[in-house]
Visitor: 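Here it is, the structure, as structure tokens.
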Amino acid sequence: MKEPSPLRYFGVTPDSREEQILRLLIHAVVEGVGGDEGSLLVLDPSGDLRFAMTAGDSASEQALIGQRVPIGQGITGLAAQTRDVQIGAPTFRDVRQTEGKSEGPEAVLAAPMLIDDRLVGVVTAVSFTEGKRFDAHSAMLAGRLASVAAVVVEQTMQTAAMGAGRSQALEVHQLVDRIAEGAPEQLVQVASILSSFGAALGLRTR
Amino acid sequence: MRENSPLVAALATPLDDWWSRDLAPVEVAVIDSGVDASHPDIRGRVAAAYAVVMEDGRPVLQEAPADANNDAFGHGTGVAGLIAQIAPNARLVDIRVLGADNRGSGAGAIRGIEEAVHRRSRVVNLSLALNKSYNEQVRPICEVAWRQEQVFVAAKRNVPIEQVGIGTPAEFASSISVDMRKVDALKSVVYQPGRIIAFAARGEHAAVPAPGGGYTSSVGSSFATPVVSAICAVMLGAFPGLLPFEVRSVLRHHVSGVV
């Protein structure tokens, strides 16, 4: 069974406009910094990062979606922990960097997605091209685009919250309608209860 | 101003000449992800090591071996390596606050800062920034440090929206705050007049020590900050007795450029 996208935590549904915009942003990060692949990870309710979408290799997306990345792990975890853009490069045995030591991609970049200072996710880019290094310009660009991605997430969450509020108000309205039809004599009491509840919340009634 | 005061001497001596003076040892606390003290470039330079761990939701400071790998991410080893490379007189104190357990990391970082203040480390390098919700907790600690003549050198955050906060304690007047710039010379500082983040230094380094004995490249204000910390350590070693505001004035006097 296909793993549901962790983007659902933010109310971003598959194939929605917001999902497409986030995907565009990941592609923009990868292209802008000259990377080969990229990804967007979101912070799930348990406090771990989870892969939500990738750019570059469709097989990677199938393999990675939903996978957890503990916050304290690797460059991505460091970006999440410091709320700061982080850049990783391979390790060499010697200072002249002729003899490689580490495995994995040549260069990694991770930019936190922040709403105010609350972490909602991390955008990453990786390069497998030998000798490729991400620089200060890459960090700045990825940081900016991750900020835009965070705004998309924030707007989606706010829209979802407003929608939930509207549907609850509609439920109350429909309930009052049913009382008016079935037991109109109770309406005065209902109005009194709602008025008292409003007063308890500090709301003024007309 | 007395002619033989350290301030007069520091202002009169070109920055490059500081290294040829008899440098007194200066303790530099590195509050970061830990340091690999066994790395060949750092071996023998770490005087003490600590790790802040969370126990029952509270940050607890534990001693760590001062000759082993105490780095959880590789970040602190690069930072310490730059300080060790630039400041031959720096005695490093490794205070690990970034680790595998993110929860309570703000509280952990504050505990680390408190320890550096308790130790009276002359220079405190913070290549990390707390978010602004910690401002009121950290500000008085930094004020105490300022009064007991400690020099806090703190990184600006690499985030594009400054409303998020440019970084605590970098935005405090009691800190020397550092951004990164394209600068060729390693031992140089750039002045950014009119900005809260007053100084900048080289933030791109082709080879810094990595945990486990090796080298990697590094980018960010995190790696510009130790350049300034190291220069401050050399300054204080060459001209002991400088007060924190004098350190800032001397840095300003000897900048290689204004942007």
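In the text below, chain A, chain B and the rest are named by the order of the sequence lines, each starting its count at 1. Any value given below was found using the heavy atoms of this structure, including those in side chains, with hydrogens, waters and symmetry copies removed.
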Visitor: Which atoms of A/Arg93 are under 4.5 Å from chain B, going by heavy atoms: the side chain, the backbone, both sets, or neither?
Guide: backbone
Visitor: What part of B/Ala206 gets closer than 4.5 Å to chain A, counting heavy atoms only: side chain, backbone, both or neither?
Guide: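 Only the backbone of B/Ala206 comes within 4.5 Å of chain A.
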Visitor: With the side chain counted from C-beta on, respond yes when B/Leu98 and A/Leu78 share a heavy-atom pair under 4.5 Å apart, and no when they do not.
Guide: yes
Visitor: Pairs under 3.5 angstrom only: tabulate donor-acceptor contacts from the side chains of residues 208-215 of chain B to other protein residues two or more places apart or in another chain.
Guide:
| from | atom 1 | to | atom 2 | distance (Å) |
| --- | --- | --- | --- | --- |
| B/Tyr215 | OH | B/Asp41 | OD1 | 2.8 |
| B/Tyr215 | OH | B/Asp41 | OD2 | 3.0 |

Visitor: Could you give the distance from CZ (A/Phe134) to OG (B/Ser217), rounded to the nearest 0.5 Å?
Guide: 11.0 Å
Visitor: Indicate yes or no: at least one non-hydrogen side-chain atom of B/Phe73 is less than 4.5 angstrom from one of A/Gln86.
Guide: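 No. Closest side-chain heavy atoms not under 4.5 Å.
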Visitor: Against chain B, work out which of A/Ala136, A/Ser138, A/Ala139 has the most heavy-atom pairs shorter than 4.5 Å and name it.
Guide: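 Sorted descending by pairs with chain B, the first entry is A/Ala136.
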Visitor: Roughly how far, to the nearest 0.5 Å, is the CZ atom of A/Arg83 from the CG atom of B/Leu128?
Guide: 12.5 Å
Visitor: Using a heavy-atom distance cut-off of less than 4.5 Å, which residues of residues 20-39 of chain A contact chain B?
Guide: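 Not one residue of residues 20-39 of chain A has a heavy atom under 4.5 Å from chain B.
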Visitor: Mind checking the CG-CE spacing from A/Asp135 to B/Met180? Nearest 0.5 Å is all I need.
Guide: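 Result: 8.5 Å between the selected atoms.
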Visitor: How long is the span from the CG atom in A/Asp117 to the CZ atom in B/Arg157, to the nearest 0.5 Å?
Guide: 4.0 Å
Visitor: Return the CG to OG1 distance between B/Asn131 and A/Thr82, rounded to the nearest 0.5 Å.
Guide: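 So the gap between those two atoms works out to 11.5 Å.
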